[in-house]
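Working notes, structure below.
The figures that follow rest on heavy atoms only: side chains count, while hydrogens, waters and symmetry mates do not. Order of appearance sets the numbers: ligands from 1, and atoms from 1 within every ligand. For reference, positions follow the sequence shown, starting with 1.
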Amino acid sequence: MVSRRDYRSLRSCTGWRRFLLLVPVLVVLPHLSSLVDYSTSTRAKNEAPSTRSKKLDHLVLGPAAGVGFPDRLHCQGTKALNKTHTTTSHVSGAAGNRVSFVTVFTVYNNTTSLGDLKSSSVVSVVGNVTYSKPARSMAVLNAFAYFIQVSMPKSNVVILTDPASQLSIQASNVMVEPIPGDYSRGNLMLQRIRSYITFLEMKLQKNDGGTNHYIFTDSDIAVVDNIETIFVKHPNFHIALTFRNNKDQPLNSGFIAVRGTREGILRAKVFLQQVLNAYKTKYMKASRMLGDQLALVWVVKSHPSFDAKRFTKPQAFTQEIAGASVLFLPCALYNWTPPEGAGQFHGMPLDVKIVHFKGSRKRLMLEAWNFHKSTSNIPDMLCLVLGSGRTKYDF
Ligand SMILES: *[C@@H]1O[C@H](CO)[C@@H](O)[C@H](O)[C@H]1NC(C)=O
Ligand SMILES: *[C@@H]1O[C@H](CO)[C@@H](O)[C@H](O)[C@H]1NC(C)=O
Ligand SMILES: *[C@@H]1O[C@H](CO)[C@@H](O)[C@H](O)[C@H]1NC(C)=O
Ligand SMILES: *[C@@H]1O[C@H](CO)[C@@H](O)[C@H](O)[C@H]1NC(C)=O
């Protein structure tokens, strides 16, 4: 059980009360991308045993990268010197279209088989709130839902989960959709694609009148601007993915947008079925956490006319792939991650839409949400993220 103390600390986070999740469980296994990064950091640890000791349990605000680039956010401490998001008008569903953010979030009711009893006693302090490991995963999920409520008040959150996980959520913008499947740890990425496909099939069967778009995401992201604009600005795509200039992992599976027309849902479903097939036939032996990304890249790159050079420039483009019109959006705006370690880093674009707190950055996500709670200032909060994002944190 989540201890009474952790339960209380979750509740004491007053701003989140409406999102309080009542979870009679031990282990939460939600933030899929974190697992990717944990596995890579495990590899890194073998090379450099000191990595772990460098993970910090408090924020370290350093200089904000991007000085000298006029189109980047400039900061003085946590004070933003630029206006951000000046070009996007809040569409706020002018055409009556809504966007649902859909995420897979799994909860286990027993931990012994996972050998996680020790880690469930890990306690972290963020601000003046104490979290057990499961409680802090819930806090990240809450922050995810809250950022969406702030940036896109008309949107809602759909959590696809194992019917056995007994996730009960009391929040006006969060809906739980149990989808049967094998959510065990080793099968999670495969199950995630399956759950996405099942969800799209359900939407095809149920014609709910107007158009509701869907964005499948990891739950460790902060939406900091209204991104419904992509459906208006790029009126012809069926499915949208985010790319970066990275030879081995050019696509991130943590963001998949689907246009909510019948045609869009149908084509996206067929596209994802091909990703699932590639996963099952080619990548079952790949790292269990990277298989979906490798399969996604395989489906895109195996298309004869696809030119991988397009990934080198951070500019949106559209391409027909696997029967669908696929919009490729730059990670720099739609899936921005604070880089870790050294290397070229030109700061944060002024119109960043989504910040992805991959790997050891969940603490920063909670700190950022706390900061926003007390300031209601997104540009200043982005300065906090930019200045603190290169440090590895304890979760
Ligand atoms: C952002 O602020 C910096 C520092 O004040 C300034 O040099 C830069 O021109 C600004 N950029 C824009 C687009 O206003
Ligand atoms: C719970 O424990 C049982 C018995 O050890 C095991 O078979 C089952 O897979 C576990 N459930 C989960 C969700 O891990
Ligand atoms: C946490 O600390 C801040 C500032 O020290 C204080 O204003 C706030 O009330 C505290 N919150 C809780 C829940 O104790
Ligand atoms: C855990 O979940 C399984 C699958 O739904 C269920 O059969 C079992 O009774 C649950 N165990 C407990 C202790 O709640």
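- Within the structure, the disulfide (SG to SG under 2.5 Å) test picks out no pair touching residues 249-278 (sequence neighbours left out).
- Counting only residues at least two apart or on different chains, the disulfide (SG to SG under 2.5 Å) pairs with a member in residues 356-393 are Cys75-Cys383.
- Annotation: cation-pi pair Arg259/Phe237 present, NZ/CZ under 6.0 Å from the ring centroid and within 45° of its normal.
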Discussion item. Could you go through Phe306 and Phe328, starting from their C-alpha distance and side-chain angles, then the distance that decides it, and tell me whether this counts as ring pair (Phe, Tyr, Trp, His ring centres under 6.0 Å)?
Written reply: CA-CA 12 Å; Phe306 187 76; Phe328 292 89; 5.7 Å; yes

For ligand 1, find each of its N or O atoms that sits under 3.5 Å from a protein N or O atom, and tabulate the pairs with distances to one decimal place.
from	atom 1	to	atom 2	distance (Å)
ligand 1	2 (O)	Asn82	OD1	3.1
ligand 1	2 (O)	Asn82	ND2	2.4
ligand 1	11 (N)	Pro70	O	2.9
ligand 1	11 (N)	Asn82	ND2	2.8
ligand 1	14 (O)	Asn82	ND2	3.4

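- Among pairs with a residue in residues 316-333, those fulfilling side-chain hydrogen bond (donor to acceptor under 3.5 Å, both in side chains) read Ser305-Gln319, at least two apart in sequence or across chains.
- Geometric assessment of Lys282 against the ring of Trp298 yields a positive cation-pi assignment under the 6.0 Å and 45° thresholds.
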